[in-house]
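A short write-up of the structure that comes next.
Just so we're on the same page: letters track the sequence lines, and every chain starts at 1. Below, each value reflects all heavy atoms present in this structure, side chains not excepted, and no hydrogens, waters or symmetry copies. All figures in this text were calculated on a predicted structure; none of them were measured in a lab.
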Number of protein chains: 4
Amino acid sequence: MDKRLQIIEAGMKLFVENDIQATPMSAIAKEAGTGMGTIYNYFATKEELINEIYLFIKQKQLQHASLSNQQDGVKPQFLQFAETFITFLLENPACFYFIDQIKNSPILTSETKLQGLRVYQPFLEILVKGQQQGIIKNIDIEEILHFLDGGLMGFLRWAISNGKCTDRSIVVNHIQMAWDSIKS
Amino acid sequence: MDKRLQIIEAGMKLFVENDIQATPMSAIAKEAGTGMGTIYNYFATKEELINEIYLFIKQKQLQHASLSNQQDGVKPQFLQFAETFITFLLENPACFYFIDQIKNSPILTSETKLQGLRVYQPFLEILVKGQQQGIIKNIDIEEILHFLDGGLMGFLRWAISNGKCTDRSIVVNHIQMAWDSIKS
Amino acid sequence: MDKRLQIIEAGMKLFVENDIQATPMSAIAKEAGTGMGTIYNYFATKEELINEIYLFIKQKQLQHASLSNQQDGVKPQFLQFAETFITFLLENPACFYFIDQIKNSPILTSETKLQGLRVYQPFLEILVKGQQQGIIKNIDIEEILHFLDGGLMGFLRWAISNGKCTDRSIVVNHIQMAWDSIKS
Amino acid sequence: MDKRLQIIEAGMKLFVENDIQATPMSAIAKEAGTGMGTIYNYFATKEELINEIYLFIKQKQLQHASLSNQQDGVKPQFLQFAETFITFLLENPACFYFIDQIKNSPILTSETKLQGLRVYQPFLEILVKGQQQGIIKNIDIEEILHFLDGGLMGFLRWAISNGKCTDRSIVVNHIQMAWDSIKS
DNA sequence: CATGAATGAGAATTCATTCAT
DNA sequence: TATGAATGAATTCTCATTCAT
């Protein structure tokens with residue numbers, strides 16, 4: 001019924017399966033069970049569709065992460081946030097692959113990239129608090145963020161590609177490395 | 001004179017400036033100062049050209065990194081290797097952007113990806129030695145590698161995009177985080 | 001209005017005028033009054049278009065020939081069939097040229113060639129009946145067929161090239177030679 | 001040693017195996033064991049090469065046929081000529097395929113076609129003599145020729161494609177049909 | 001809103017021919 | 001005379017987007 005959602009989901013599926021540039025809009029229409037023109041009623045261009053899929057995923061990530069950040073200590077909050085973050089992507093590999101594929105592409109507008117960063121807002125606050133308390137290294141917060149984000153994505157790429165999605169020990173390992181890298 | 005090299009360099013330049021799928025072979029020919037057909041005397045398809053550019057960069061990375069690994073301790077070796085690695089990419093941003101853009105694309109053949117991994121061989125040996133000496137965390141070596149690689153690329157993406165290429169302090173920060181994340 | 005038909009007819013016309021390999025798809029589009037892409041909505045490749053034109057002509061031949069084969073004797077039936085066959089091609093020289101040009105080309109799939117042979121079905125039946133009645137030489141039916149077909153095409157090539165299309169006497173001559181060659 | 005001959009033979013071989021338009025000059029150079037440019041020392045264009053191959057085959061046909069036409073009667077001469085003609089092509093299928101492929105192509109110049117017709121000169125003389133003696137149908141000599149030529153080629157196409165090259169009975173059948181078709 | 005046939009600019013690739021060695 | 005790397009015009013085919021129904 002919700003054509004817009006159908007199109008977003010069909011697009012994500014095919015973009016991930018075949019690469020964005022190898023996925024014609026017609027294939028998305030077919031997968032979504034709509035006509036070609038219908039897509040253009042909701043998204044002005046292919047690029048806009050891609051941007052909207054990106055934001056759709058980011059939205060889901062945010063919902064997932066914000067459910068539980070009521071802990072008080074910096075370290076527990078960090079661990080908690082990292083785990084929910086990882087878990088979401090491990091459980092939604094299509095989301096991971098899409099984000100990984102598009103993250104650095106000029107197809108994303110700077111506005112979209114900016115909105116995407118909101119997902120990290122809770123994370124930034126934790127880091128800042130940690131720095132104030134002297135628990136976390138006194139390094140430019142953005143530098144830390146990009147290091148952690150890159151490490152996370154690299155780890156997930158390996159984990160998902162090698163079918164380790166259900167192996168909890170590697171998640172623990174990863175969070176351990178992440179925390180050790182930034183604690184004072 | 002060396003047409004092959006001219007083409008590789010023109011390809012890298014344009015692929016990085018405009019995105020691969022937005023760069024027609026004709027543009028590469030023009031940039032390289034050759035005819036269209038000449039490219040196809042050296043590379044059977046656009047995909048082969050891309051694979052060869054990837055291997056060309058990896059080759060340069062390897063030469064750069066292997067210059068100096070005569071240190072004896074695990075930590076100094078690690079720091080040394082990480083620094084040369086980072087330095088090379090900071091000084092050759094086009095190489096970084098190309099690798100970052102193509103690394104996970106299905107355009108790269110598995111054979112190419114395999115050859116690309118050779119760059120990390122010295123690194124792997126350091127990590128293994130470190131684990132044997134109990135200096136480095138006892139985590140699957142591949143997991144560590146992908147975490148570090150992802151973190152490095154994420155950090156470089158940020159550093160290069162924000163014009164921090166010449167700021168030596170951030171390199172130090174990064175190496176610090178990298179080492180802390182894996183040491184026991 | 002019927003784009004498919006327009007394209008088939010434009011293709012036949014140009015292929016015959018200029019040779020197949022000298023006729024770009026763009027020229028066909030122009031002649032048919034459609035866009036380039038429209039052709040590819042109906043025919044997946046140039047080769048498929050060629051195959052379909054061949055079958056289109058064969059279809060027309062079949063319709064033309066099957067109108068009148070109610071005669072009873074073998075000889076009258078033979079003469080009748082031969083004449084309708086010749087007449088059709090004499091009156092549709094473009095069809096003749098196209099068939100003559102493509103008949104032995106590897107561009108035609110074996111499936112297409114097989115379907116094309118259906119045109120000769122009524123003819124084969126006449127020949128078989130003639131052999132049973134001892135009227136026709138007792139030679140492998142396929143050998144006879146290829147001799148007659150070759151002779152017919154050779155004759156038409158000459159007749160059409162020399163503007164004898166309307167000269168009824170040569171048709172009579174031809175049929176005479178054809179019949180004499182196979183009668184016991 | 002004789003580069004010209006090597007090139008002609010390589011060209012015939014590849015044109016027959018792959019179709020003319022699918023055979024690049026570079027492939028011919030390779031097959032002939034010469035450089036690309038060498039071909040152009042002997043033949044100004046690809047078309048000229050094709051014309052020369054055609055004439056080369058016609059030349060061989062002529063030599064083969066003219067060996068033995070000393071018989072005196074019209075019918076024996078006819079049978080003799082037809083048989084040598086058929087035999088040559090059955091024994092040299094590449095020649096047959098090449099001629100069959102190119103015979104009606106606009107690639108052949110009218111001059112080339114004219115020269116090619118010389119092969120039939122002895123045949124024409126036999127036919128004329130036969131007509132004068134009332135042995136052969138009183139039909140335009142060219143019409144007869146094209147009928148016979150077409151029938152012959154059609155028959156050979158079938159015979160060679162179906163591996164009947166060594167089956168002498170079909171040659172006899174064919175000559176029988178040919179003679180019956182033209183005799184008074 | 002929904003549809004999908006029509007469109008044509010644009011891309012990869014081929015290959016006959018040239019010419020410097 | 002022999003060579004084969006270099007050339008670029010020409011060709012097939014794709015696909016984002018439009019618009020009449």
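- Partner assigned to E/dT14 is F/dA9, using Watson-Crick or G-U wobble distances below 3.5 angstrom.
- Nearest nucleotide to the A/Lys3 side chain, out of E/dA2, E/dT18, E/dT7: E/dA2.
- The shortest distance between the side-chain N/O atoms of D/Tyr42 and the OP1/OP2 oxygens of F/dA2 is below 4.0 Å.
- Between B/Thr23 and C/Thr34, the residue whose closest nucleotide on DNA chain E is further toward the 5' end is C/Thr34.
- Residue C/Thr38 has a polar side-chain atom (N or O) positioned under 4.0 Å from OP1 or OP2 of E/dT7.
- In this structure, B/Thr45 reaches the sugar-phosphate backbone alone: every heavy-atom distance under 4.0 Å involves primed, P, OP1 or OP2 atoms, never a base.
- Annotation: E/dC1 and F/dT21 have their C1' atoms spaced 13 Å apart (nearest Å).
- Between F/dA2 and D/Asn41, a contact under 4.0 Å exists linking OP1 or OP2 to a side-chain N or O.
- At whole-Å resolution of the value, CD in A/Gln21 and P in F/dA16 are 10 Å apart.
- Distance CG (D/Asp19) to P (E/dC15): 13 Å, rounded to an integer number of Å.
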| Under the side chain to side chain donor-acceptor pair (under 3.5 Å) criterion, do D/Lys58 and D/Gln61 qualify, and how do the steps go? | CA-CA 5 Å; D/Lys58 284 292 171 184; D/Gln61 276 190 299; 3.3 Å; yes
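- Side-chain atoms of B/Lys46 lie closest to E/dA12 of the nucleotides F/dT18, E/dT18, E/dA12.
- Side-chain N/O atoms of A/Lys30 include none lying less than 4.0 angstrom from OP1 or OP2 on E/dT3.
- Note on C/Met25: only backbone sugar-phosphate atoms sit closer than 4.0 angstrom, heavy atoms only; bases stay farther off.
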Would you be so kind as to tabulate the donor-acceptor pairs closer than 3.5 Å made by side chains of residues 23-33 of chain A, with sequence neighbours excluded?
residue, atom, partner, partner atom, Å
A/Thr23, OG1, A/Leu14, O, 3.3
A/Thr23, OG1, A/Asp19, O, 2.8
A/Glu31, OE2, A/Lys13, NZ, 3.4

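- One can place CZ of A/Phe43 at 16 Å from C1' of F/dA16, the figure rounded to the nearest angstrom.
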| field | Pair A/Lys103-B/Asp100, salt bridge (Lys or Arg N to Asp or Glu O under 4.0 Å): steps then yes or no | value | CA-CA 11 Å; A/Lys103 198 167 41 155; B/Asp100 197 38; over 6 Å; no
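- Smallest separation of non-hydrogen atoms from B/Pro93 and B/Ile160: CB-CG2, 4.1 Å.
- Residue C/Tyr40 has its side chain nearest to F/dC13 when only F/dT17, E/dT13, F/dC13 are considered.
- If A/Ile20 and C/Glu47 are placed on DNA chain F by their nearest nucleotide, the residue sitting closer to the 5' end is C/Glu47.
- Between the CE atom of B/Met36 and the P atom of E/dG10 there is a distance of 15 Å, given to the nearest Å.
- Counting to the nearest Å, the C1' atom of F/dT11 and the CD1 atom of C/Ile50 are 13 Å from each other.
- Base-pair partner of E/dA9: F/dT14 (Watson-Crick or G-U wobble, both distances under 3.5 Å).
- When all heavy atoms of C/Lys46 and C/Ile20 are compared, the closest pair comes out as NZ-O, 3.2 Å.
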